[in-house]
**Q** 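Pasting a structure below so you can have a look.
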Amino acid sequence: MRSKAVGRFPDTIHFTGLNTPVGIEWSARNLDVIGEIPAEIDGAFFRAVPDPAHMPMFADDIVLSGDGMVAKFTIQDGKVDYAIRYVETERYTLEKEARRALFGRYRNPFTDDPAVAGRDRTVANTTPVWHGGRLFMTKEDGLGYEVDPDTLETIGRWDYHGAFTSQTFTAHPRVDPQTGEMFFFGYEADGLCSTKIAYAIADRDGNLTSEIWFDQPYCSTIHDFAITENYAIFPIFPTTADLDRLKAGGAHWAHQQDLESWVGIMPRYGKAEEMRWFRGRPGISAFHLVNAYEEGGLIHLDLCLSDTNAFGFMREAGGIQRDQRDVQGGLTRWTFDMAKAGESYEERLLGPLGDMPRLRDADQGQPYRAAWYLSINPQGGPPLPGGPVGVAFNMMLRIEPGNGRIDVMGLEPGMAINEPVHVPSAQPDHEGWLLMLVDRQAGEADFRSELWVVDAGAIAAGPVARVPMPLPMRAQVHGAWVSSAQLAAAKVRQRA
Ligand code: V55
Ligand code: FE
């Protein structure tokens, strides 16, 4: 069953396969559970799902432009409820009233209907962020939108009561598990194609305590960053924005294969003048960083690195013709010796090419034993069309960077996997649980999805419980786990 007939939307990877628009706001209680969900899994799995509510203005529109939907699995006493709603951004509301798309190409306001000039373009479709008792739906081209974690109603744009002066907020903030502070940034912070970065900190209660500004070497897409106990780390890859290209109606991002990369490292409570810039290889790209931590005077940064940009449309805008299957790279460790002068750092391969890494919240910025990420199963048949880059992952890896051990949960042909969230266990020697959506192709345009519950320390064994979904699910970007204890302390519940 599809709500939006195939054929109405463009016939590209951005609107077909698992990326076929669904656009249904719905909820269900007591979904069927096959197997048994461990009782200690008690809370909510929030997901960010891009899903265009209207036909795009341009047939070459991309999956990253889809209106953000916020989805929630509520899990308690082995029971599962589900709900999904649109984030009512300014853009969604304007287009809903007009009953058609008014905003044009991805991050290009020069292609919009003049009726919406100057209005907020963000679609809040990338990451649900929980901090200070609030839930935000984020996308890096605008501010986050606060959402009621109980009802999924949109509360409004979030700028820390006017204290945060950046126009943008990253989809990848980092929360220090010891201090509870959230570290975050916005790039293009004062406008389109600007090199300005705003770097900010909010305390554990969600009050803005710091905001500083600095310039990056050129206007790149800084999708993710990392923190350690003492440092903030900003990777700069050569996918760049250009105002003249935008004014001509072109792409926001174009990858530049010959341009050098950079890493900026500064004391996390420091000043912009304390930033140290390290120079890296040209042409490389990473969207997601696994973790960073300190070991003596060294900083290790583990990241999902590739030798070119993983998004076909960002490569093509830069004149790079390369099939998705020919993108090379792997889970990589960069080591920076902060006692040594100079711009260089060490590089070492940790694991195969992949993305969508997950870490235990308690390991953020700390030495860690294991992480999980997604990859392509060589035995899994051709990957299904779907997800942000148009090719869905069909294998999950658990890696121990300390000793190189890798465990695998590979899927059968015709299956796909979305990024997991991690749920901690109360048992000290248990690694916790992973929750994720797994899709299976049942017919040419028929995809069935299930929520899987997997033992994080024994992924090769497959799921301990499965929850078949009664309606189609569009591919997710990122998710977040919020425990019932955290939900009980939500700011919306204190207002009542
Ligand atoms: C990414 C996702 C986005 C975006 C830019 O995963 C980069 C990377 C879902 O939106 O706008
Ligand atoms: Fe991301």
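Numbering of ligands and ligand atoms starts at 1, following listing order. By convention here, the first residue in the shown sequence is residue 1.
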**Q** Would you say that more than 12 heavy atoms from the other residues, nucleotides or ligands in this model lie under 6.0 Å from the CZ of R134, or not?
**A**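 Yes.
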**Q** Identify, for atom 3 (C) of ligand 1, the protein heavy atom at the shortest distance, and state residue, atom and that distance.
**A**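 Looking only at protein heavy atoms, the one closest to atom 3 (C) of ligand 1 is L64 CD2, 3.5 Å.
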**Q** Can you tell me which N/O/S atom of H223 has the shortest distance to the Fe ion (ligand 2)?
**A**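 Closest to the Fe ion (ligand 2) among those atoms: NE2.
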**Q** Taking the six-membered ring for Trp, are F184 and Y160 parallel (under 30°), tilted (30 to 60°) or perpendicular (over 60°)?
**A**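 The rings of F184 and Y160 lie parallel, inter-plane angle below 30°.
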**Q** Can you tell me how the ring of W334 sits relative to the ring of Y345, calling it parallel under 30°, perpendicular over 60° and tilted otherwise?
**A** tilted
**Q** Side chain, backbone, both or neither: which part of R107 has a heavy atom under 4.0 Å from ligand 1?
**A**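 No part of R107 is near ligand 1 at this cut-off.
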**Q** Need the ligand 1 atom indices (1-based, order shown) with element for anything under 4.0 Å from a heavy-atom of V477.
**A** 9 (C)
**Q** Within ligand 1, which atoms have a heavy atom of Y106 less than 4.0 Å away?
**A** 4 (C), 5 (C), 11 (O)
**Q** Check F311 against ligand 1 and report side chain, backbone, both or neither, counting heavy atoms closer than 4.0 Å.
**A** side chain
**Q** Show me which atoms of ligand 1 lie under 4.0 Å from any heavy atom of H223.
**A** 1 (C), 2 (C), 6 (O), 7 (C), 8 (C)
**Q** Could you please compute the angle at the Fe ion (ligand 2) from NE2 of H172 to NE2 of H288, rounded to 10°?
**A** 100°
**Q** Classify the ring geometry between H172 and H478 as parallel (under 30°), tilted (30 to 60°) or perpendicular (over 60°).
**A** perpendicular
**Q** Give the name of the N/O/S atom in H478 that lies closest to the Fe ion (ligand 2).
**A**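 Per the distance ranking, H478 contributes NE2 as its closest N/O/S atom to the Fe ion (ligand 2).
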**Q** Could you walk me through whether E140 and Y187 pass side chain to side chain donor-acceptor pair (under 3.5 Å), step by step?
**A** CA-CA 8 Å; E140 66 194 43; Y187 71 88; 2.4 Å; yes
**Q** Nearest protein heavy atom to atom 10 (O) of ligand 1, by residue and atom, and its distance?
**A**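 For atom 10 (O) of ligand 1, the nearest protein heavy atom comes out as K139 NZ, 2.9 Å.
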**Q** Establish, from distance only, whether the side-chain atoms of Y231 and R268 form a donor-acceptor pair under 3.5 Å.
**A**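 No, R268 and Y231 have no side-chain donor paired with an acceptor closer than 3.5 Å.
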**Q** Anything under 30° is parallel, anything over 60° is perpendicular, the rest tilted; go ahead and classify F169 against F136.
**A**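 Plane angle between 30° and 60°, so tilted.
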